[in-house]
Engineer: 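Sending over a structure as structure tokens; questions will come in a sec.
We count ligands from 1, going down the list as the structure has it; atoms in each ligand are counted the same way.
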Amino acid sequence: MLVNFNEMLKKAKEGHYAVPQFNINNLEWTKYILEKCNELNIPVILGVSEGAAKYMGGFLVVSSMVQAMITSLKIEIPVCLHLDHGSTVENCKAAIDAGFSSVMFDGSKHPLKENIELTKEVVDYAHKHMVSVEAEVGHIGGTEDNVNSEILNATLEDCLELYNNTGIDSLAPALGSVHGFYKGEPNLDFVTMKKISDKMPIPLVLHGGTGIPEDKIKTAIANGISKININTELQAVWSKAVREFLDKDKNVYDPRKVIGSGENAIKNQINKIVTIFETKL
Ligand code: 13P
């Protein structure tokens, strides 16, 4: 059964660790992530971007696949199926209608007042369905799903205003992280992160987890981060493994062997990541 993220992130905030959001791209990734997290006995959030949902055939395909996989593979850990960066109220509602247990409404491209109005509409709809909602303040930088974004850091005042007027369940304040690989050292604003965390009762989310060194991940968790999103890192280790496999065997053509040649790379990387996050049940 799918669950929203409230219980798992509440425990993470109290226990000073982070729950991973791993983005999924296809059936195989979903299976590898579920199997590995189940083996490690840790909760997991499966992130699905709008682009990835479209690639897989739509929200209903994704939701049905994940729910069937949980049953068929006898997955016993808490699993949250989360729309990543929902760009419109309609898309968030469509994901909820299709059975997603959580959504992010990314209103960061709108002025704050509009971001608040639209986020509130998503929260009202989501909470009727027991679905959790994450929102964004400021702009997280980098490129995701071919959309480029400049960094614009969040302020405590804007975060409080959005929280107080919407009732969101978690917040992703942009504080210097970027999607994709970093050019140089990530420059995260831990001072503002701590201020926001101290003033807000809800868990904070760090996007752009790929490429953040271990010490900065640990500092982020110590300063109030309870959920960390990872996408590019798993894509990179998977592609490297598949490329090496194809280079080694020029005659292989069975797609199960080709795609599956990246399985261990994904599973090993998940192990490393959640060890750093100190994820627990
Ligand atoms: P990365 O691709 O940098 O890991 O970021 C993922 C993310 O934040 C998804 O929302």
Side-chain angles (χ1 to χ4, degrees), residues 5 9 18-26 29-30 32-33 44-56 62 80-87 91-92 95 100 102-109 119 122 132-154 168-189 193 203-214 216-217 220-221 225-240 262 265-266 269-270 272-274 276-277 279:
F5 62 51
L9 294 190
V19 175
Q21 171 185 310
F22 293 121
N23 281 47
I24 57 171
N25 294 285
N26 57 23
W29 287 50
T30 311
Y32 305 154
I33 295 167
V44 69
I45 298 169
L46 300 176
V48 184
S49 68
E50 290 177 345
K54 194 167 165 209
Y55 172 80
M56 287 184 268
V62 178
C80 173
L81 180 61
H82 178 77
L83 174 64
D84 190 26
H85 294 280
S87 61
N91 282 355
C92 290
F100 277 52
S102 187
V103 293
M104 172 193 192
F105 174 68
D106 177 357
S108 64
K109 61 179 180 287
T119 303
V122 173
S132 46
V133 180
E134 173 184 329
E136 178 172 327
V137 172
H139 294 170
I140 291 154
T143 305
E144 195 175 57
D145 266 357
N146 297 320
V147 178
N148 290 309
S149 179
E150 292 294 320
I151 297 178
L152 174 69
N153 277 8
I168 47 167
D169 304 290
S170 75
L171 177 68
L175 293 169
S177 64
V178 304
H179 292 121
F181 291 111
Y182 287 81
K183 295 185 185 92
E185 265 284 297
N187 182 17
L188 303 181
D189 180 354
M193 193 182 281
L204 300 185
V205 180
L206 178 63
H207 281 244
T210 297
I212 301 182
E214 182 171 341
K216 291 200 173 178
I217 291 279
I221 295 171
I225 294 292
S226 308
K227 167 177 180 273
I228 303 178
N229 294 3
I230 303 278
N231 184 20
T232 309
E233 194 169 327
L234 294 191
Q235 296 186 351
V237 295
W238 177 83
S239 326
K240 182 170 179 288
I266 289 189
Q269 200 63 22
I270 290 175
K272 283 188 201 156
I273 292 167
V274 302
I276 295 170
F277 292 3
T279 315

Engineer: For Asn231, take its heavy atoms, then give the atoms of ligand 1 lying under 4.0 Å from any of them.
Structural biologist: 1 (P), 2 (O), 4 (O), 6 (C)
Engineer: Checking the N or O distance criterion of under 3.5 Å, is ligand 1 in contact with Ile230?
Structural biologist: no
Engineer: Go through the structure and list residues passing salt bridge (Lys or Arg N to Asp or Glu O under 4.0 Å) with Lys272, not counting sequence neighbours.
Structural biologist: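 Expected list: none.
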Engineer: Identify which of His82, His85, His179 has a heavy atom lying nearest to atom 7 (C) of ligand 1.
Structural biologist: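 Of the listed residues, His179 has the closest heavy atom.
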Engineer: Check contact between Gly47 and ligand 1, using heavy atoms of the residue and a distance below 4.0 angstrom.
Structural biologist: no
Engineer: Classify the contact between Glu233 and ligand 1 as side chain, backbone, both or neither, using a heavy-atom distance cut-off of under 4.0 Å.
Structural biologist: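 Neither; nothing of Glu233 gets under 4.0 Å from ligand 1.
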Engineer: Of Thr210, Ile221, Val19, Val205, which is the lone residue that meets side chain to side chain contact (heavy atoms under 4.5 Å, CB included) with Ile228?
Structural biologist: Ile221
Engineer: Relative to the heavy atoms of His207, which atoms of ligand 1 are at a distance of less than 4.0 Å?
Structural biologist: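 That gives atoms 8 (O), 10 (O) of ligand 1.
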Engineer: Consider every N or O of Asn23 and every N or O of ligand 1, then say whether any pair is closer than 3.5 Å.
Structural biologist: no
Engineer: Between Glu50 and Ser87 (side chain of the first, backbone of the second, donor and acceptor by atom type, cut-off under 3.5 Å), is there such a pair?
Structural biologist: yes
Engineer: Measure from atom 5 (O) of ligand 1 to every heavy atom in Ala172, Gly208, Ala236 and give the option owning the shortest one.
Structural biologist: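 Minimum heavy-atom distance to atom 5 (O) of ligand 1 goes to Gly208.
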Engineer: So is Val178 close enough to ligand 1, meaning a heavy atom under 4.0 angstrom away?
Structural biologist: yes
Engineer: Tell me, please, which residues at least two apart from Thr279 pass side chain to side chain donor-acceptor pair (under 3.5 Å).
Structural biologist: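 Counting only residues at least two positions away or on another chain, Thr279 forms no side chain to side chain donor-acceptor pair (under 3.5 Å).
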Engineer: With a cut-off of 4.0 Å, which atoms of ligand 1 are near a heavy atom of Gly180?
Structural biologist: 1 (P), 2 (O), 3 (O)
Engineer: Using the ring of each side chain (for Trp, its six-membered ring), is His179 parallel, tilted or perpendicular to His207, with breaks at 30° and 60°?
Structural biologist: perpendicular
Engineer: Around Lys54, counting heavy atoms of other residues, nucleotides and ligands shown, do more than 12 lie under 6.0 Å from its NZ?
Structural biologist: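 It does not: Lys54 NZ has 12 such atoms or fewer within range.
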Engineer: What do you reckon, is CG of Asn187 surrounded by more than 12 foreign heavy atoms closer than 6.0 Å?
Structural biologist: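 It does not: Asn187 CG has 12 such atoms or fewer within range.
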Engineer: Go through ligand 1 atom by atom and flag the ones less than 4.0 Å from a non-hydrogen atom of Thr232.
Structural biologist: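 Listed by number with element: 1 (P), 2 (O), 3 (O), 4 (O).
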Engineer: Under 4.0 Å from ligand 1, counting heavy atoms only, is it the side chain of Asp84, its backbone, both or neither?
Structural biologist: side chain
Engineer: Taking Ser132 for its side chain and Phe5 for its backbone only, find out whether a donor-acceptor pair lies under 3.5 Å.
Structural biologist: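 Side chain of Ser132 to backbone of Phe5, a donor-acceptor pair under 3.5 Å: yes, one is there.
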